Amino acid sequence: MPYLLALDQGTTSCRALLFDKKGGVRAVAQEEFGQHYPQPGWVEHDAAEIRDLQLRLARQVVKGVDQGEIAAIGITNQRETTVVWDRQTGEPIHNAIVWQDRRTTGICARLVADGLENHIHTTTGLRADPYFSATKIAWLLENVDGARERAERGDLAFGTIDTWLLWNLTDRAVHATDVTNASRTMLYDIRLGQWDDTMLEALNIPRSLLPDVRPSSGLFGETSLFGGSIPIMGIAGDQQAALFGQACFEPGMAKNTYGTGCFMLLNTGSEPVQSENGLLTTIAWDLGEGPVYALEGSVFIAGAAIQWLRDEMGLLENAAESEQIATSVESTDGVYVVPAFVGLGAPYWEPNARGAVFGLTRGSTRAHLVRATLESIAYRTRDVLDAMTADADLSLASLRVDGGAALNNFLMQFQADILNVPVERPASVETTAWGAAGLAGLAAGLFDLEVLAELREVDAEFEPEMDAETRNELYDGWRQAVGTVMIHSSKPQRKRSEAVR
């Protein structure tokens, strides 16, 4: 039986998985890597550490397997995270700037002031927000010594993490990305399928810095780093890979991934839908026959809020116990947590928002805070789904879910309740990695879309149980909490030293 190797490079960990062609996981290796926070709101990764770790994990899962049995490799990655490296030395010129990073808020404000907001929205499908790669590239070129001159000489290369891994896997032979990752840079015209000159000029980014853009399924190159020569035949950003792995192949099908952030994607077919409600228009995939588009709602903090409870607040020993603690109380007793630790994404798009807790009383306990944090993830998903259904003029039949937090039964039931929509959890939550493997296997001729759809199995279905009055009352409280955060974020912030005085 042929195998498919998936490299799943996430925000907090690297993973490698070996699948059989029916989607069964034959081997898996995972390890977390360092998170760097040089200043408040800044988030960085060591791209060399990611490269070395990802390759080491891949070698672990293929150990003992005949290289001839590995039909293809698929890559999926944290999107928008930006690496610029030297073409000669092969080393990054600076730490990777992570998608969560907010240091380029001022550059985005300048783009808006220059009248480019509408161009960005209609051409790239995105927003003028620090989330995306374009302003991160501009920051690196302006703030790393000599970077501007080296870029203009053609000595530097830019890539999201997929491009960085591909370049290293192919021994520096291939500098390319796929359409899904290109569509997250704020530099790519998603309708014309090409880099956009207006954005490159606005940010003074040399075209020579950019990778080739290819379909998501097809031959990208070959690697010999794991023994024999293995073709790399699938690449997609993690959220698009999850949409594909969930077999959301038809327009109107949607999935929600509960990872570090929370990302809902709705397949809208061969025509892009321009959002009027704060969502993003993005490319879901291209199988070589033209792009399939999606609407996306990006929530920056989801599983990271549970990590916050564990690591910073010390309220959890591990993420799994959050379910037991949350269900030890019947409600939050009016406590709301708004985890806007790195601003608010869709549909609010407020980069200056900060996290807050509302409704505390003397009787509030650890359990109320844990439960409120879990509920906040479901509320943010409701924010996105309401915008999505308004844009696409549809009523969602069910929501397919995946990601680590999707294993939390309390969260999934509350999600179904607050959405009033059934929630489906697949038997395998490895949908992101399987999506990358599926794109590679499709190009390798191991199966077609019909077979991929049949391979998906449902583990659990959560039906709405909450009455409408309770649902509306809880969500109204949430909207009031978010509204307060939004009002506060719009006020001038005093420096810490001034606040102390």
Side-chain angles (χ1 to χ4, degrees), residues 4-10 50 54 72-83 99 124-126 132-134 137 157-170 173-196 207 209-223 230-246 248-249 257 263 265 267 270 272 280-294 296 431-444 449 452:
L4 294 163
L5 174 61
L7 307 183
D8 182 0
Q9 201 295 300
I50 287 175
Q54 190 67 71
I73 295 172
I75 300 172
T76 185
N77 56 287
Q78 53 166 316
R79 305 170 304 169
E80 300 95 16
T81 294
T82 297
V83 188
W99 59 270
T124 73
L126 307 179
F132 308 108
S133 308
I137 301 171
F158 151 73
T160 41
I161 297 292
D162 61 301
T163 302
W164 168 241
L165 292 177
L166 178 65
W167 195 76
N168 284 283
L169 285 165
T170 59
V174 181
H175 182 213
T177 190
D178 89 301
V179 292
T180 70
N181 281 291
S183 75
R184 311 297 298 186
T185 61
M186 208 168 77
L187 295 173
Y188 191 71
D189 188 322
I190 62 173
R191 290 167 176 79
L192 297 181
Q194 62 188 29
W195 297 114
D196 180 60
R207 184 177 285 270
L209 204 66
L210 306 176
D212 294 333
V213 182
R214 303 180 184 180
S216 312
S217 183
L219 181 63
F220 284 87
E222 296 185 347
T223 185
I230 306 172
I232 301 163
M233 305 193 79
I235 293 180
D238 52 10
Q239 303 313 318
Q240 287 94 331
L243 187 71
F244 193 82
Q246 285 273 33
C248 294
F249 301 144
T257 296
F263 302 88
L265 269 72
N267 184 329
S270 59
L280 307 176
T281 305
T282 195
I283 297 178
W285 54 72
D286 184 343
L287 305 181
E289 301 172 349
V292 171
Y293 295 93
E296 175 174 333
T431 52
T432 301
W434 174 239
L439 288 165
L442 197 69
L449 291 181
L452 279 173

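Since the structure is predicted, the reported quantities are computational estimates derived from the model, not experimental observations.
Proximity of L243 to E296: side-chain heavy atoms (C-beta onward) are nowhere separated by under 4.5 Å. Within the 4.5 Å cutoff, the side chain of W164 has no heavy atoms near those of the P211 side chain. You'll find the side chain of I137 reaches within 4.5 Å of the side chain of L187, heavy atoms only. Here the side chains of S133 and F158 are in contact, with some heavy-atom distance below 4.5 Å. Counting heavy atoms from C-beta outward, T76 and F244 have side chains that stay 4.5 Å or more apart. Side-chain contact check for I230 versus L5: every heavy-atom pair is 4.5 Å or farther apart. Counting heavy atoms from C-beta outward, L169 and F220 have side chains that stay 4.5 Å or more apart.
Here the OG1-CZ distance, from T185 to F132, works out to 9.5 Å after rounding to the nearest 0.5 Å. The distance from the NE2 atom of H175 to the CG atom of L209 is 7.0 Å, given to the nearest 0.5 Å. The CD1 atom of I161 lies 9.5 Å from the CD atom of Q54; values are rounded to the nearest 0.5 Å.
Of the possible donor and acceptor atoms, one in the side chain of T82 sits under 3.5 Å from a partner among the backbone N and O of E80. A distance-only check finds a donor-acceptor pair linking the side chain of T180 to the backbone of G237 [under 3.5 Å]. Here the side chain of Q194 pairs no donor or acceptor atom with the backbone of D189 at under 3.5 angstrom. Counting only distance, with no hydrogens or angles, the side chain of Y293 and the backbone of N267 share no donor-acceptor pair below 3.5 Å. Looking at W434, its side chain never comes within 3.5 Å of a backbone N or O of A6 through a donor-acceptor pair. Using a distance-only test at 3.5 Å, with no hydrogens or angles considered, no donor-acceptor pair links the side chain of N181 to the main chain of R184.
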Stepwise, does the side-chain contact (heavy atoms from CB on, under 4.5 Å) test hold for L265 with Q240? CA-CA 8 Å; L265 269 72; Q240 287 94 331; 4.1 Å; yes

Check against side-chain contact (heavy atoms from CB on, under 4.5 Å), R79 and D238: CA-CA 7 Å; R79 305 170 304 169; D238 52 10; 3.5 Å; yes

Take T81 and Q9 through the side-chain contact (heavy atoms from CB on, under 4.5 Å) test and state the conclusion after the steps. CA-CA 11 Å; T81 294; Q9 201 295 300; over 6 Å; no

Evaluation steps, side-chain contact (heavy atoms from CB on, under 4.5 Å), between F249 and L287: CA-CA 12 Å; F249 301 144; L287 305 181; over 6 Å; no

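Shown are T282, V179, T281; of these, the side-chain contact (heavy atoms from CB on, under 4.5 Å) with I190 is made only by T281. The side-chain contact (heavy atoms from CB on, under 4.5 Å) with I75 is formed by just one residue from the set L439, I232, D178, T163; it is I232.
Scanning both residues, Q78 and G10, for their nearest heavy atoms gives NE2-O, 3.3 Å. Among all heavy-atom pairs drawn from S217 and L442, the shortest one is OG-CB, 4.0 Å. When all heavy atoms of L166 and T170 are compared, the pair lying nearest together is O-OG1, 2.8 Å. The minimum heavy-atom distance linking A242 with T432 is given by the pair CB-OG1, 3.5 Å.
Among residues two or more places apart in sequence or in another chain, the side chain to side chain contact (heavy atoms under 4.5 Å, CB included) test is passed with T124 by I120, L126, M186. Here L219 pairs with P231, M233 under the side chain to side chain contact (heavy atoms under 4.5 Å, CB included) rule; sequence neighbours left out.
For F263 and W99, the ring centers sit closer than 6.0 Å to each other.
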